[in-house]
Number of protein chains: 2
Amino acid sequence: MAAATGHVVSTVSNALAGKRHVNEETRRQVLEAAERLGYRPSGVARSLRLRLSSTVGVLVPDVSNPAIPEFLRGIDDVAVREGYTILLCNTDEVLERQVSQMQTLLDRRVDGMVLISQHCDAPEVRKILDGETPFVLIQRRSARFRDDYVGSDNLQGMRDSVSYLAGLGHRRIALVTGPVSSSTATERMEAFEGAVQELGCARDPQLIFRGDYTVQSGYEAMHYFGAMDERPTAVIASNDVCALGVQDAASELGLSIPRDLSLLGCDDIDLSRLRRIDLSTLHLPKREMGATAMQLLLRRIQSNRPPTAREVIIPTELVLRGSCASIA
Amino acid sequence: MAAATGHVVSTVSNALAGKRHVNEETRRQVLEAAERLGYRPSGVARSLRLRLSSTVGVLVPDVSNPAIPEFLRGIDDVAVREGYTILLCNTDEVLERQVSQMQTLLDRRVDGMVLISQHCDAPEVRKILDGETPFVLIQRRSARFRDDYVGSDNLQGMRDSVSYLAGLGHRRIALVTGPVSSSTATERMEAFEGAVQELGCARDPQLIFRGDYTVQSGYEAMHYFGAMDERPTAVIASNDVCALGVQDAASELGLSIPRDLSLLGCDDIDLSRLRRIDLSTLHLPKREMGATAMQLLLRRIQSNRPPTAREVIIPTELVLRGSCASIA
DNA sequence: TTGTAGGCGTTATCAA
DNA sequence: TTGATAACGCCTACAA
């Protein structure tokens, strides 16, 4: 490229980047030549030189789980605005996969990472997190460390949920929880247990089913609940996707929602507001949360001294639709 | 790193990469030092040297549209297996955004690009496509050029759909089509028109509503159809997401599916099989299609002489669920 | 305002 | 089998 213009590389570089002053005429020539040749500076070379890749890795359990893309979209919104590109990695909740993906991201010298509901306490993971590369956690935080984190207010949310159902007269309320490794799942479960006790509802461990945030697990949960001698009159699912499975099994069992069973979700995925689904749920502004996480990450990337960790807890809001009713 | 081991860089490189023979003892030392120092070769430097980034860009309209992530997952499956990482870009169907994202990908020297339902005939886009960087198209192909392409058999699929409905006695069948710029939408629409004529159904241009693959557009379409003097008795939606909107509006209008209205989708997104949705639709193996596209891309990336373009047309399969019934 | 030169961290080539 | 060296394409002192 330099050759083509008759100017030296540094002049070309400066003309293109507009960093230092170059003669207007020189500049014009360079720009013209670049245009004509379709020349564009190599981001790779720049990354090597600057030791900055303008790239962030995002780890997700599985993009095709409906709850995930909305976070992703929020992250992307601010990433694009700030000139970053996203490297996407699916981990399927499998620790080794997560570790190897993180390693790959590091090898590619990403400027930072966003971990959406990923393992963050496993020693292999922690070892990477303790390195130089900035990161932010979404919806799953460490039990032992304080990191940059964006998550929902699970305590308040679950309390609202239980007290809403209790207000409708329900006393046997079941919970389909998420995987043990998920702090959000754990927090929601603990809040559930607390609220159930406070509000004088049944405290039956059998009413808690361990799921894994999938439709399938909600489906299994409901079949399990349905087979109990004393069925729950209401079910809270730890996320909407899983609530969809509960709905499905309920139909199969001939249980009408909300007549025979009240159902409450968490997350408020886009589909929950469809009349066919019509799921009452805790709304979570996922796109905004993704954006917030990315902003936190950028703050850390761009600051010279590592800022102190910040945890952003987003309040949830109960969205009442048609899946709950007072007990007959 | 080289310094730490007392060996020269090239030896270190070779020990780590295992390319050429190094003394077993030397090798051990290098590996040990790397382990101890947590050293990992820079992918950026390697990319610069090799002029290969092991990175592919994927352009999508919007990740949070449920039809998209499944393709993405398929792409990722083979990408990971082959050591590639995905750079994700949302374009929102906006041409300038697509162009600027493609430019960014080029700047980052991606080894190739996958365009999921993107503009591919606009001159700005074509200019980039005509460059050196390999690419594959999914679900939207060029009207004028023959590129590597993976898409559904829209002709056969739409024929099956119409003839299924005609077999149920429907004669007034409506279509909610996709954006003009989408070849899949166009192909489906043309196939619809042909089939409708062949099978002796109403050929009323009013029965075709131009949507854009969103829930919202399906919703609007149904309200439009619902207000007609002579309502259609069946609706075919150009994709499932849009069918969801039709369902929603139908509920709102007090039309029961399938009693008052038969509804057929396209794509078969995961959610369509939920009992609450229960949408009859054309199944499309989206994850497999994504994988196929990525394989096509790799073939092009890895071959010395550009192979001739290949179009892979995937047959669709009508999945009968509960959204269609014979006419009363 | 422009030119020169060094280095970012690899790999490939060539010589030892 | 190993060592030295030259790119890859960019940015940035520093010198002119």
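Proteins come first, then strands; the chains are lettered A, B, ... in the order of their sequence lines, and each starts at number 1.
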Salt bridge or not between [X] and [Y]? Use side-chain N to carboxylate O under 4.0 Å.
| X | Y | answer |
| --- | --- | --- |
| A:E25 | A:R28 | yes |
| B:E32 | B:R36 | yes |
| A:R141 | A:E187 | yes |
| A:D77 | A:R73 | yes |
| A:E93 | A:R140 | yes |
| A:D148 | A:R300 | yes |
| B:D147 | B:R310 | no |

Round to the nearest Å and state the distance from [X] atom [atom1] to [N] atom [atom2].
| X | N | atom1 | atom2 | answer |
| --- | --- | --- | --- | --- |
| A:L106 | C:dG9 | CG | P | 15 Å |
| B:L16 | C:dG9 | CG | C1' | 13 Å |
| A:E24 | C:dT2 | CD | P | 10 Å |

Taking 5' to 3' order, which nucleotide of DNA chain D is first and which is last to have an atom within less than 4.0 Å of a heavy atom in chain B?
-> D:dT1 to D:dG9

Go through the side-chain N and O atoms of A:R108 and B:T85 and say whether any donor and acceptor fall under 3.5 Å apart.
-> yes

Is it true that the side chains of A:Y213 and A:S182 contain a donor and an acceptor less than 3.5 Å apart?
-> yes

Using 0.5 Å steps for rounding, measure from the [atom1] atom of [X] to the [atom2] atom of [Y].
| X | Y | atom1 | atom2 | value |
| --- | --- | --- | --- | --- |
| B:L72 | B:I116 | CG | CD1 | 5.5 Å |
| B:D107 | A:S42 | CG | OG | 8.5 Å |
| B:E96 | B:E124 | CD | CD | 8.5 Å |
| A:Q118 | A:L95 | CD | CG | 10.0 Å |

Do any pairs count as a salt bridge (charged side-chain N to carboxylate O under 4.0 Å, His left out) and have a residue in residues 46-58 of chain B, sequence neighbours left out, and if so which ones?
-> none

Using heavy atoms to find the nearest nucleotide of DNA chain D for B:L50 and B:T26 separately, return the residue whose nucleotide is more 5′.
-> B:T26

Using the six-membered ring of A:F145, assess whether NZ or CZ of A:R126 lies under 6.0 Å from its centre and within 45 degrees of the ring axis.
-> yes

Note: contacts of residues 40-48 of chain B with DNA chain C (heavy atom, under 4.0 Å) are B:R40, B:P41, B:S42, B:A45, B:R46

Between residues 6-15 of chain B and DNA chain C, which residues have a heavy-atom gap below 4.0 Å?
-> B:S10, B:S13

End axis versus end axis in the helix from C:dT1-D:dA16 to C:dA16-D:dT1, the angle rounded to 10°, five pairs used at each terminus | 40°

Under 3.5 Å, which N/O atoms of the protein pair with N/O atoms of nucleotides 14-16 of chain C?
unit_1: C:dC14; atom_1: N4; unit_2: B:R20; atom_2: NH1; d: 3.4

